[in-house]
Amino acid sequence: MRNHRGWLAAVAVAATVVAGVAISMPVAASPAEPDLDASFIATHSGPQQYPNVFIEWDVPITMSDGTVLKANVYHPAGANGQPITEPTPTVVNMTPYTKLVTNVADSALAVPGLNDFLTPILRNLDFSPYGFSSVSDILKVLPGGGARTFAVDRTLIQSGYTQVVVDVRGTGFSQGTWQVFGEREQLDGVEVVNWAAAQGWSNGRIGMSGVSYSGINQLQTAERHPEALKAIFPVVPGSDLIRDVAAPGGALGVGFLPEWLLAVDAAKLLPDLVSIIGGRFDWTWLRDRVRDPFTFFNVLIAALTTASVNDIPPELEHILDDGSPLRTAWVGHPDQITIPTFLYGGWHDIFTYSTPRIYNAVNVEAAQKKLVMDNVYHVTLGSGMGTAGGPAPLQVLQRAWFDKWLKGIDNGIDRYSPVTLWQQGSETWTSDTAFPRPGMTYRRLYLDPASSGSAAGARYDGSLKPEPGAAQRISVDPTLATTCSRDAAQGTAGMLPLPDVCIKDARISEGAALTFTTAPVSEDTRLSGPIGVHLNTVLDATDGYWSVTVNDVAPDGKSTVLTQGQLTASLRAIDEAKSTRSPNGDYTDPYPVLTLDTRQPIVPGEATTIDIGVRATDALLKPGHRLRVDVFAGNFPSGVLLRPLLNESQLRTQHLELDPANPSWINVPLDRPTGW
C-alpha cells in the first residue's frame, strides 16, 4: 500500500494533535552534568542519518494461541523513499487506542512546516491571565514531547530505529478479546518483542516506548525478561491498577474509568475500511467484536447499581478479591525488572501513587534507572519539559536513553541525575540522588481543635501541633464542593480544564472541609515522600468515605494542594507486609487490602481508627507558609463509593473524634524541626 496512507485525516486533526517536536532552545540539565540536556537536544534537532520514513501497514503477528495482532512498522528510508536494508534497533509500542490514532497523529505532524509553526505558538499561549492555566498546560504538551512518546517520533526513526506500533489484542484492528492487562495480554508483550527481534529489519535489540497503558505494558513485559528487550521508557505508568485508578481507597474512580473504558471500547469497534475496500476484511475480528463489544462495562454497571453486598455479582466480586486472576494480574512486580528503565510521572497524575514506587523497586543500579516527576496531570504530560531550567522534552530524553542502551552510544544519559523533580512551593526543577530525598525525618503532627486563624472560609478551622490538644467532636458532610478542586482535576486525568480558582486554590472546596493548619515556618522547610494520616473517626452508619489533602498555605491565605489520599471506612484493613512505617512505628505508607473478605463494617456511634496513605510528594514550604490537612467526607468526581457501600453509608454526616487519649495525626517527612 502506498506510503501516504492516513494523510487524509491529518489536516483535520493538525491543530489539535499533541506531539513532541525538535526544540532548538537550550535548557538546563540536572546538576550532575549541566550540559547533558543541551547535548541531547542538539543531537535530536540536528541532521539525521536517513531522510525519510517508510510504513508497512497492518502487518500480522500471530500469537501462540493463534490470535493475530496487527502492527504498523515504521522503517528508516532513503532518499528514494524505500526502507533501508541494514538491520536496526527496534522500538515496540503496544497500544489499546488503535494504531490508526497513532498514524493520524504522525501524519498530521509530518505535514511540512507544521511543527515549526505550532511550537512557538503553543509554547507561548498563556491563558492564566484569564484563570485557565490548565488550557495552556494542555497546549504545551506539544512542545514538551508528550505525544511523540505516545505515538511515533519520526526523528527517532530517521536516526536509525525501526518502530513497531501494535494494537493490543481485542483493540484496534487486532483479533481477540480485550483483556485489560490480563495474563494472556501480558504474554503477548513478550511474544511481540520476540517477533520483532527475529525480523530481518531488526538487529535483535529491542526497546519499548509509550504512554499510560503503553507504559504499563512495558513494565509487565520487562518483568517477564524476554532476552531481546534491552531498555524501556515508560511515561506516566502505573503498577497497582486497583489502587491507582480502578478503586483508589476502595471507591470507584468515576472521574476517569467510565470515560476511558468508553473511549477504548468505542475505538475498538472502528473497522478497517481499507481492508473492506480491498476485499481483505478480517471476519475473525468482527466475530471477536460481536462476542465482546463493551469490555468491563458489565462490571462498571454492577458497581454502580448493585443494592447490597450480598447481591454483588461474580464479575464484580472478582475485582474485590485480591486472589482472583484479574487482581493478581493488575499488581505489578517492578522489583523483577532488570533492564535500564527511564520513568516519567507527574505529582498530580492518576498514577502518582505507583510511579515513585516503581522507580525504587526496579532492580538495577542508579546509572540504569532514572525518575522525572513533573507538575502535571495525566493528559498534560510533558507540559513542563523543554522549558528553561528544566529537563529536555520527552522525546529527546527517550532518544538519548535508547541511543545509550540499544546502540551503545556514550552520550552521558547514564550520568543523568537519578531523580529530577519539580519541587512544589519553590516552583523550580531540582535534582537529587534518591526519592524520597535523603535527610527527611518523619514527624507526627496532631489534629487540634484550636483555631489556626488561617482558614476563615473553611467548614472548620483547626490546628496542626506537635502535641495533642483538647477533646472535641467535629463533623463534616458528604459534598459536591470537591468538583471545584485539584483533586477533581487529578481524578479526571486533567481532561476537564477546571479554572485556576479551583485547581490552584483550595479555599472554595475547603468550605466543606475540616482544616487543620500549622503555624508559619520561619525557614525553608522541605517535605519529601509519602504521608501517613491516622484518624479517630465516628460514623452514624455502617460505612463512609474519607478523603484528605495536604496543602501549602501562603501568607495571603491561598491554599495549594500538594497531594491527596482517600479510604472507604469499611475497607480499612491494612496489609502489613506491603506497608511501611517510620522509626516511631507510625505508618508512612499504609497499604489497604481492599477486598470483601477483609471488609469490616463500622459499628455506628463507635470510635474507629483508620489509616490513610497520602500519595508521595515533594515540596518546599517557604518562610511564612504553613502546612495544612483538609479532611472531607468524599471527593467526587475522583471517587464514589461502590453502590452497595454507598447505600450503607446513607450519605450520613461523618465525625472526627479529637481525643488526646486516642489522637488523630499526620506523619509527615520533613528535613528539619519546625518548632511548631
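Residue numbers count from 1 along this sequence. Remember, predicted model here, so these are calculated numbers, not experimental data.
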Discussion item. What I want to check is whether the side chains of Asn536 and Ser664 have a donor and an acceptor closer together than 3.5 Å.
Written reply: no
*asked:* Is the shortest side-chain heavy-atom distance between Val372 and Leu343 below 4.5 Å?
replied: no
Should Arg357 and Asp240 count as an ion pair when the cut-off is N to O under 4.0 Å? no
Considering only heavy atoms from C-beta outward, does the side chain of His378 approach that of Ser212 to under 4.5 Å?
yes
* Considering only heavy atoms from C-beta outward, does the side chain of Thr617 approach that of Gln424 to under 4.5 Å? -> yes
Note to self: With no hydrogens and no angle check, just 3.5 Å: does a side-chain donor-acceptor pair link Asn551 and Glu510?
What the structure shows: yes
- Counting only N and O atoms by type, is there a donor-acceptor contact under 3.5 Å from the side chain of Thr352 to the main-chain atoms of Gly346? yes
For Tyr587, does the six-membered ring have the charged nitrogen or CZ of Arg581 within the cation-pi criterion, i.e. under 6.0 angstrom from the centroid and within 45° of the normal?
yes
Would you find a donor on one side and an acceptor on the other, under 3.5 Å apart, between the side chain of Asn635 and the backbone of Ser638? no
Test your reading of the model: is there a side-chain donor-acceptor pair from Lys99 to the backbone of Pro96, 3.5 Å cut-off?
no
Given side chain to side chain contact (heavy atoms under 4.5 Å, CB included), test Val593 with Thr595 step by step and report yes or no.
CA-CA 6 Å; Val593 181; Thr595 66; 3.6 Å; yes
**Steps toward side chain to side chain contact (heavy atoms under 4.5 Å, CB included) verdict (Leu641, Thr568)** = CA-CA 7 Å; Leu641 283 173; Thr568 302; 3.4 Å; yes
Q: May I ask you to decide whether Asp292 forms a salt bridge with Arg289, counting only side-chain N to carboxylate O separations under 4.0 Å?
A: no
Has the side chain of Thr306 got a donor or acceptor atom that lies under 3.5 Å from a matching backbone atom of Ser308?
no
Arg486 side chain to Ile503 backbone, donor-acceptor under 3.5 Å:
yes
Stepwise salt bridge (Lys or Arg N to Asp or Glu O under 4.0 Å) test for Glu317 and Arg327: CA-CA 11 Å; Glu317 190 171 355; Arg327 280 284 291 269; over 6 Å; no
Task: Donor-acceptor pair, side chain of Tyr344 and main chain of Gly382, under 3.5 angstrom - done: yes
| message | Within the structure provided, determine whether Leu642 and Leu320 are in side-chain contact (heavy-atom separation under 4.5 Å). | response | yes
Check: Just by distance, do the side chain of Gln368 and the backbone of Thr341 share a donor-acceptor pair under 3.5 Å?
Finding: no
>> Is any side-chain heavy atom of Leu381 closer than 4.5 Å to one of Val211?
In response: yes
Counting the benzene-type ring for Trp, do Phe297 and Trp178 have ring centres under 6.0 Å apart?
no
Determine the interplanar angle of the Trp665 and His534 rings, folded into 0 to 90°, and report it as parallel if under 30°, tilted if 30 to 60°, perpendicular if over 60°. parallel
Sequence neighbours excluded, the answer for side chain to side chain donor-acceptor pair (under 3.5 Å) partners of Arg169 is Asp65, Thr67, Asp188
task: Determine whether Glu185 and Val168 make a side-chain contact, defined as any pair of heavy atoms from C-beta on separated by less than 4.5 Å.
output: yes
Decide yes or no on side chain to side chain contact (heavy atoms under 4.5 Å, CB included) for Lys268 and Thr295, but give the supporting numbers first.
CA-CA 10 Å; Lys268 77 181 187 183; Thr295 305; 2.6 Å; yes
Those residues at least two apart in sequence (or on a different chain) that pass side-chain contact (heavy atoms from CB on, under 4.5 Å) with Val309 are Ile312, Leu596, Arg599, Pro644, Leu645, Glu648
Test of ring centre spacing under 6.0 Å for Phe632 and Tyr545: no
Sorted by chain and number, sequence neighbours left out, ring-ring contact (aromatic ring centres under 6.0 Å, His included) with Tyr359 holds for none
So does Ala307 get a backbone contact from the side chain of Asn647, meaning a donor-acceptor N/O pair under 3.5 Å?
yes
Could you go through Asp589 and Lys578, starting from their C-alpha distance and side-chain angles, then the distance that decides it, and tell me whether this counts as salt bridge (Lys or Arg N to Asp or Glu O under 4.0 Å)? CA-CA 9 Å; Asp589 191 7; Lys578 295 182 179 180; over 6 Å; no
Under a 4.0 Å N-O cut-off, is there an ion pair linking Arg444 with Asp586?
-> yes
Mark yes or no for whether Ser239, through its side chain, and Ile358, through its backbone, hold a donor-acceptor pair below 3.5 Å.
no
Paired with Gln175, the side chain to side chain contact (heavy atoms under 4.5 Å, CB included) test is passed by just one of Leu69, Val68, Leu286, Asp167, namely Val68
message = Given 3.5 Å as the limit, does a donor-acceptor pair link the side chain of Ser579 with the main chain of Tyr591, or not?
response = yes
**Asked** Are Val299 and Ile319 close enough that some pair of their side-chain heavy atoms sits under 4.5 Å apart?
**Response** yes
Checking salt bridge (Lys or Arg N to Asp or Glu O under 4.0 Å) for the pair Glu191/Arg184: CA distance, chi angles, key distance, verdict? CA-CA 10 Å; Glu191 293 184 14; Arg184 178 60 250 189; 3.0 Å; yes
Only one of Val376, Asp374, Asn375 passes side chain to side chain contact (heavy atoms under 4.5 Å, CB included) with His348, and that residue is Asn375
Looking at side-chain heavy atoms only, is the closest gap between Val190 and Val193 below 4.5 Å? no
Take Leu567 and Arg572, measure what side chain to side chain contact (heavy atoms under 4.5 Å, CB included) needs, and give me the verdict at the end.
-> CA-CA 7 Å; Leu567 188 64; Arg572 63 191 179 278; 4.1 Å; yes
